[in-house]
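Some notes on the structure that comes next.
Quantities reported herein were computed from a predicted structural model and do not represent experimental measurements.
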Amino acid sequence: MSGEMSRGEAQRLDRQDELASFRQQFVREDPDLIYLLGNSLGRLPRPTVAQMRDVVEQQWGQRLIRGWLDGWMALPQRVGDKIGRLLGAREGEVIVAESTSINLYKVILAALEQRPDRRKVLSDDLNFPSDLYVWQGALRTLGGDHELQLLSSPDGVHGPVQALAEAIDEETALIILSHTLFESGFVYDMAAITRLAHKAGALIVWDLSHSAGAVPVDLGAAGADYAVGCTYKYLNGGPGAPAFLYVRRDLQAGSHNPISGWMGQDRPFEFELTYRPAPDLRRFLTGTPTVLSLAAIEPGVDLLLQAGMARVQQKARRQTAYLIQLWEAYLQPLGVDLQSPPDAAQRGAHVALAHPEGLRISLALKEQMNVLLDFRRPDVLRLSCAPLYTSYVELFDAVHRLRTVVTERLYEAHPHGPPPVT
């Protein structure tokens, strides 16, 4: 066995890890469990436990309705600004509200309203399907006069960069892309694609759900127009946590929230019968802030701010590169394929592997090997490297447990039928 691929080497890498101390900031009830699902649901930060106890017992339990005056009303902006610091946004450009899908619907309609004479919208066939569902619904709302073009990936791994460059023209109103593709982990060059859009007079929406808190994002430097993203993956905000949206400051006054509600009203407690949008990003709020869920997001974001995104990015790249080295040494000879970009600059914080028995392998890992990762049809296994809590030893052990499942054909004990949630 090569010294560079030994478990002792993995332990050495953990000892050298500048972010190793952050592992203790997360709840870990089962020390043998290998959790590689931070790209679906992040671990529970320990500070969140204390935060929620305070919000429930003190703020709600003792202060009751006075909590709105104590700071609940400002939570969407306060947490949004903290997330914005992770994303290269200025104060007042990110706000937390509703779900990613609802926020996407809002910004799609707001953007298309600003390009009334254009009818072409673009995306790619590797985008998260939910984003495409929202697109389709938004275009139906507008009467079906727009044409949605899905550009095809050249290999099922990389985004269709060249095809985008050729398709963006003076007829293009809007482009929506996932910055990090949910399956392969390919990362678009945000600044370059945004420049292509702007050169043609088009606007662009970025979905940052698989980027925020894991890979470098600089919305300001890229000149991005709009962005959305969830908070329950690498931001560790908890299951179903509210999402965020970004609108560049100079676009805010001309961007109208299609789901206008009282929290987006300029003076909500005057209860006027005519809607007047707030002059700033508050106009993209709709309903009452979900205080408990909003409060749960903040501690995870604070941990990322303490760690610093430069160090987070560096570790994500190192760990995914290490994982690919392990794949080359132990899994590639067994017929396991790599479905992520080999170039670290084009890769997010997860690695996708493929095997014809991917589904049953994932079940065997979960039920027999105490490894949690996820499966995406038809044959893809995604292994996430969450920089704040994933260790090199966990990656080493996960690969070896996966190797055991394949070599000993442990997956044959599991049915072919899909589980209800993957």
Side-chain angles (χ1 to χ4, degrees), residues 9-10 12-23 25-26 34-43 45 83 85-88 157-159 178-190 206-219 222 229-237 300-328 338-353 372-374 380-399:
E9 174 63 13
R12 185 188 69 80
L13 291 171
D14 282 330
R15 289 194 296 270
Q16 294 179 343
D17 178 14
E18 293 182 342
L19 300 182
S21 62
F22 284 91
R23 284 171 54 79
Q25 295 294 320
F26 292 86
I34 299 176
Y35 189 74
L36 302 181
L37 267 169
N39 56 341
S40 287
L41 175 65
R43 281 188 178 272
I83 294 172
R85 288 164 56 190
L86 298 173
L87 304 176
V157 174
H158 296 79
S178 290
H179 180 235
T180 299
L181 297 183
F182 82 101
E183 186 168 291
S184 71
F186 170 80
V187 178
Y188 276 104
D189 184 333
M190 178 183 289
W206 291 100
D207 186 336
L208 305 179
S209 294
H210 285 82
S211 294
V215 301
V217 176
D218 195 334
L219 294 166
C230 69
T231 63
Y232 48 77
K233 300 183 191 299
Y234 296 107
L235 298 184
N236 306 301
V301 175
D302 286 341
L303 288 175
L304 284 161
L305 289 170
Q306 292 170 27
M309 281 308 300
R311 293 198 298 172
V312 167
Q313 172 212 353
Q314 184 180 56
K315 182 177 176 182
R317 287 188 173 179
R318 287 177 175 173
Q319 286 201 316
T320 54
Y322 176 68
L323 191 49
I324 290 174
Q325 288 179 322
L326 291 170
W327 162 77
E328 288 177 330
L338 179 66
Q339 288 294 108
S340 287
D343 181 357
Q346 294 184 331
R347 191 175 60 241
H350 71 268
V351 171
L353 305 176
L372 292 181
L373 46 75
D374 68 4
V380 173
L381 302 166
R382 298 191 308 170
L383 291 75
S384 169
C385 302
L388 291 191
Y389 54 77
T390 303
S391 71
Y392 287 90
V393 165
E394 285 178 311
L395 297 178
F396 181 89
D397 288 348
V399 166

Tell me the closest heavy-atom pair linking Asn236 and Tyr389, and the distance in Å. OD1-CE2, 3.7 Å

Verify side-chain contact (heavy atoms from CB on, under 4.5 Å) between Val301 and Leu305, making sure each step is shown before the conclusion. CA-CA 6 Å; Val301 175; Leu305 289 170; 4.2 Å; yes

Taking atom CG of Leu86 and atom OG of Ser211, what is their separation to the nearest 0.5 Å? 12.0 Å

So do Leu41 and Tyr35 actually touch side chain to side chain, heavy atoms under 4.5 Å? yes

Scanning both residues in full, the closest heavy-atom pair of His350 with Ser384 reads CB-CA, 3.8 Å

Kindly assign one of parallel, tilted or perpendicular to the pair His210 and Phe182, based on the angle between their ring planes and the thresholds 30° and 60°. tilted

Are Leu395 and Cys385 close enough that some pair of their side-chain heavy atoms sits under 4.5 Å apart? yes

Drop me the distance from Thr320's OG1 to Leu383's CG, to the nearest 0.5 angstrom. 11.5 Å

Shortest non-hydrogen contact from Tyr322 to Ala10? OH-CB, 3.3 Å

Can you tell me how far the CG atom of Leu353 sits from the CG atom of Leu338, to the nearest 0.5 Å? 6.5 Å

Hey, does the side chain of Asp14 reach the backbone of Val393 with a donor-acceptor pair shorter than 3.5 angstrom? yes

Please name all residues satisfying side-chain hydrogen bond (donor to acceptor under 3.5 Å, both in side chains) with Ser178, sequence neighbours left out, ordered by chain then number. Asn127

Is the count of non-hydrogen atoms from other residues, nucleotides or ligands lying under 6.0 Å from Arg318 atom CZ greater than 12? no

Please name the pair of heavy atoms, one in Leu381 and one in Leu373, separated by the smallest distance, quoted to 0.1 Å. CD2-CD1, 3.8 Å

Taking side chain as C-beta onward, heavy atoms only, is Gln306 less than 4.5 Å from Gln25? no

Measure the CZ-OG1 distance between Arg43 and Thr390 for me, rounded to the nearest 0.5 Å. 8.0 Å

Quick check: closest heavy atoms across Lys233 and Asn39, and the distance to 0.1 Å? CD-O, 3.1 Å

From Ser209 atom OG to Tyr232 atom OH, the distance as rounded to the nearest 0.5 Å: 6.5 Å

Any heavy-atom pair between the side chains of Leu208 and Met190 that's under 4.5 Å? yes

Are Leu303 and Phe26 close enough, and set up right, to give a side-chain contact (heavy atoms from CB on, under 4.5 Å), and what steps lead you there? CA-CA 10 Å; Leu303 288 175; Phe26 292 86; 3.9 Å; yes

Hey, does Val399 have a side-chain heavy atom less than 4.5 Å from the side chain of Trp327? no

Tell me the closest heavy-atom pair linking Asp374 and Ser40, and the distance in Å. OD2-OG, 3.1 Å

For the pair Ser184 (side chain) and Ser340 (backbone), establish whether a donor and an acceptor sit closer than 3.5 Å, ignoring hydrogens and angles. no

Rounded distance [0.5 Å steps], CZ in Arg347 versus CZ in Arg317: 8.5 Å

Taking only residues two or more places apart in sequence, or in another chain, which ones meet Lys315 in a salt bridge (charged side-chain N to carboxylate O under 4.0 Å, His left out)? Asp17

With a 4.5 Å heavy-atom cut-off, do Met309 and Pro216 have their side chains touching? no

